[in-house]
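When reading the values below, keep in mind they use all heavy atoms of this one structure, side chains included, and skip hydrogens, waters and symmetry mates. The first residue in the sequence is number 1, and the count goes up from there.
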Amino acid sequence: MDSFLRRPKRKSTHADATPELETALEDGEESTEIKLAMLSSLHPLVEQERLLDVLLAHDGSVSQASESLKSFRPRVKKNGTIGYQQSLRQYAKPSQDAPLSSPKKKIKKGSTLHLYDPKDVAEHTPCTIIHNFLPTELADQLLKELLDEAKTFEQITFKLFENVVTSPHTSCLFLESYEKIQEQKHDYYYNGGMLNDVRQLTPTLAKVKPIVQENVNEQILSRIKACYPEGKKLKHQPSKPWVPNAAFVNCYAGAQQSVGWHSDHLTYLGPRAVIGSISLGVAREFRVRKILPRDAETKRPDDADGEGQISIHLPHNSLLVMHAEMQEEWKHSISPALSIDPHPLAGNKRINITYRDYRAEMHPSLTPRCRCNVPCVLRVVQRKKENHGKYFWMCYANAIPDQEGCSFFEWAEFDDEGVPIRKKGMAKPP
Ligand SMILES: O=C(O)CCC(=O)C(=O)O
Ligand SMILES: [Fe+2]
């Protein structure tokens, strides 16, 4: 690990990289995520926001940041547990001259804004939250069923440079039918590899699916009306209803289990994806932060304060809808907790279910393949002002252990509904 830490900045392995590929790789965001993941594995008790501050203070040098963190003692919060649905809003009597919505809370870089109230979440983040979502007994039944399944979940393995790293929690993908499971195991790639453990939806996952579908579609429509320019859906956002056909289940066993900063891959979900996420068991913090494009010269965003973190508190039996602006423009994480409130059924565990719509138009047989003959990954330029928001396909094989990958790069084009515009030689949709 030590030699890994001292490794100089990654050199591009893409000797034949096109200028566009270099532009995309230089997007830079990924390397910060990777550095944070390394620091986090070396200093698991240090909060992500502090890791980021220390990393920035040492100009991105992981070894120097790690050295200075050795002397760091975590602060023990007096009120370290979360999950209470505290909100002063319900006690507030609207005064005649008070504005209808609360003044916009300021999120300063380096600080975290904690949100509990659904109205605040909708106002400050690209998410909506519904507390006490399922009937109590149904939520408990789902939790018990998934705690049982989670006994045999595994950690996901992925590649960071030449090192194979495992995710700091366990997970499993659930699909609707045996045929879909076979197809998934055969055709779909994740971080360059196939998923071996794909299971059929449990009876309660299947029972809850239409409830999630109805609520998420309602939330999408009210979000469009209330928040999007001219009350219209975003460009590339599908106008047809959201139909989940997959449930990705995560299990966090104990306060230290977490998931690092990331955006969910759009490869199979398509642009402007929406995700319905149920939390069960121990309440944990879901952190989000907006990725602002940086100035090419100063390497800083125009509004550094806009980059502060927001923590959404996710109690048992809540549904969080990640809306269409989330994956392209924001990152999210479940940060390690200093302490947790044990849950009567789950003990120290949290179960999370993300219901997802794997879109037929994004089937790997329809999207570009690179020279390694692996379906490409779909990404979006997040950091660079130049080409900001543009989608591109690139080689996935970079993430396969022992494989170098190729320099395949292609700008991705979609119609207004987010359907890929087929180029010559690409397969036709079924
Ligand atoms: O556990 C959560 O709430 C989030 C999980 C997540 O981000 C993911 O599975 O992609
Ligand atoms: Fe995610």
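- The OG1 atom of Thr354 sits 6.0 Å away from atom CG of Asn250, with the distance rounded to the nearest 0.5 Å.
- You'll find the side chain of Cys395 reaches within 4.5 Å of the side chain of Cys372, heavy atoms only.
- Annotation for Pro244 and Lys209: closest pair O-NZ, 3.2 Å, computed over non-hydrogen atoms.
- For the atom pair Met394 CE and Phe392 CZ, the distance stands at 6.0 Å (nearest 0.5 Å).
- Counted within 6.0 Å of CD on Gln155, heavy atoms from surrounding residues, nucleotides or ligands total more than 12; the atom is thus considered enclosed.
- Residues Lys390 and Trp411 are in side-chain contact: their nearest non-hydrogen atoms beyond the backbone lie under 4.5 Å apart.
- Listed here is the closest heavy atom pair of Trp330 and Lys290: CE3-N, 3.5 Å.
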For this session: List the steps and the verdict of side-chain hydrogen bond (donor to acceptor under 3.5 Å, both in side chains) for Thr204 and Glu145.
Result: CA-CA 8 Å; Thr204 317; Glu145 214 170 76; 2.6 Å; yes
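- Of the possible donor and acceptor atoms, none in the side chain of His388 sits under 3.5 Å from a partner among the backbone N and O of Pro293.
- Between Glu329 and Arg272 there is a salt bridge, with a side-chain nitrogen of the basic residue lying less than 4.0 Å from a carboxylate oxygen of the acidic one.
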For this session: Check step by step if side-chain hydrogen bond (donor to acceptor under 3.5 Å, both in side chains) holds for Asn352 and Ser277.
Result: CA-CA 7 Å; Asn352 162 255; Ser277 173; 2.8 Å; yes
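- For residues 335-355, the ring-ring contact (aromatic ring centres under 6.0 Å, His included) pairs, not counting sequence neighbours, are His316-His343.
- For the residue pair Pro420 and Met362, the shortest heavy atom distance occurs at CG-SD, 3.8 Å.
- Looking at Ser263 and Glu328, their side chains never bring a donor and an acceptor atom within 3.5 Å of each other.
- Under the side chain to side chain contact (heavy atoms under 4.5 Å, CB included) criterion, Arg199 pairs with Glu149, Thr152, Phe153, Cys172, Phe174, Asp197, sequence neighbours left out.
- Taking the ring centroids of Tyr358 and His363, they lie at or beyond the 6.0 Å cut-off.
- Residues Thr128 and His323 are in side-chain contact: their nearest non-hydrogen atoms beyond the backbone lie under 4.5 Å apart.
- Residues Gln237 and Asp416 have side chains not in contact (no heavy-atom distance under 4.5 Å, counting atoms from C-beta outward).
- Although no hydrogens or angles enter the test, the distance criterion places a donor-acceptor pair under 3.5 Å between the side chain of Gln327 and the main chain of Asp264.
- Listed by chain and residue number, Phe133, Leu134, Ala139 satisfy the side chain to side chain contact (heavy atoms under 4.5 Å, CB included) test with Asn317 (two or more places apart in sequence, or in another chain).
- Here the side chains of Arg359 and Pro271 are in contact, with some heavy-atom distance below 4.5 Å.
- Counting all heavy atoms, side chain and backbone alike, Ala247 lies closest to Leu205 at CB-CD2, 4.3 Å.
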For this session: Would you check, one step at a time, whether the test side-chain contact (heavy atoms from CB on, under 4.5 Å) holds for Val274 with Val321?
Result: CA-CA 7 Å; Val274 170; Val321 182; 4.0 Å; yes
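- Taking the six-membered ring where the residue is Trp, Phe414 and Tyr391 present perpendicular rings, their angle passing 60° and hence far from 30°.
- Side-chain atoms of Asp415 come within 3.5 Å of backbone N or O of Gly418 as a donor-acceptor pair.
- Counting heavy atoms from C-beta outward, Val198 and Lys180 have side chains that stay 4.5 Å or more apart.
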For this session: Just do the salt bridge (Lys or Arg N to Asp or Glu O under 4.0 Å) check on Arg223 and Glu325 with the steps written out, would you?
Result: CA-CA 11 Å; Arg223 180 94 187 165; Glu325 60 273 45; 3.0 Å; yes
Problem set entry | Test side-chain contact (heavy atoms from CB on, under 4.5 Å) applied to Ile312 and Thr125, step by step | CA-CA 9 Å; Ile312 304 174; Thr125 76; 3.9 Å; yes
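- Every residue meeting the side-chain hydrogen bond (donor to acceptor under 3.5 Å, both in side chains) condition with Gln184, not counting sequence neighbours, appears here in chain and number order: Tyr190.
- Atom CD1 of residue Ile340 and atom CD of residue Glu285 lie 12.5 Å apart, to the nearest 0.5 angstrom.
- Here the side chain of Ser167 pairs a donor or acceptor atom with the backbone of Ile156 at under 3.5 angstrom.
- For the atom pair CD of Gln257 and CZ of Arg284, the computed distance is 8.0 Å after rounding to the nearest 0.5 Å.
- Here Ser318 pairs with nothing under the side-chain hydrogen bond (donor to acceptor under 3.5 Å, both in side chains) rule; sequence neighbours left out.
- For Ser171, there are no side-chain hydrogen bond (donor to acceptor under 3.5 Å, both in side chains) partners at least two apart in sequence or on another chain.
- Residues Asp140 and Glu137 are not in side-chain contact: their nearest non-hydrogen atoms beyond the backbone lie 4.5 Å or more apart.
- Going from atom OG1 of Thr267 over to atom CZ of Arg379 covers 9.5 Å, rounded to the nearest 0.5 Å.
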Exercise. How far apart are the C-alpha atoms of Lys185 and Glu179, what are their side-chain angles, what is the distance that settles it, and do they pass the salt bridge (Lys or Arg N to Asp or Glu O under 4.0 Å) test?
Worked result: CA-CA 10 Å; Lys185 286 187 174 176; Glu179 290 71 35; over 6 Å; no
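- The minimum heavy-atom distance linking Leu378 with Ala412 is given by the pair CD1-CB, 3.8 Å.
- Taking the side chain as every heavy atom from C-beta outward, His332 and Cys127 never approach each other to under 4.5 Å.
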Exercise. Going through the checks in order, is the side-chain contact (heavy atoms from CB on, under 4.5 Å) test met by Lys144 and Leu345?
Worked result: CA-CA 7 Å; Lys144 280 191 217 149; Leu345 292 176; 3.9 Å; yes
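- Screening Met322, Lys331, Met326, His124 for a side-chain contact (heavy atoms from CB on, under 4.5 Å) with Val288, the sole residue that qualifies is Met326.
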For this session: I would like to know whether Val208 and Ile278 meet side-chain contact (heavy atoms from CB on, under 4.5 Å); could you show each step before the answer?
Result: CA-CA 10 Å; Val208 165; Ile278 296 184; 3.7 Å; yes
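- The pair Glu410-Arg369 does not count as a salt bridge, with every side-chain nitrogen at least 4.0 angstrom from each carboxylate oxygen.
- A donor-acceptor pair is defined here as one N or O able to donate and one able to accept, closer than 3.5 Å; such a pair exists between the side chain of Tyr268 and the backbone of Tyr189.
- In terms of modelled atom types and a separation under 3.5 Å, the side chain of Gln200 and the main chain of Leu175 share no donor-acceptor contact.
- Rounding to the nearest 0.5 Å gives a distance of 11.5 Å between SG of Cys251 and CD1 of Ile353.
- Cation-pi check for Arg287 over Trp261 is not met; the charged atom does not lie both under 6.0 angstrom from the ring centroid and within 45 degrees of its normal.
- Of all non-hydrogen atoms in Gly276 and Leu319, the two that sit nearest each other are C-CD1, 4.0 Å.
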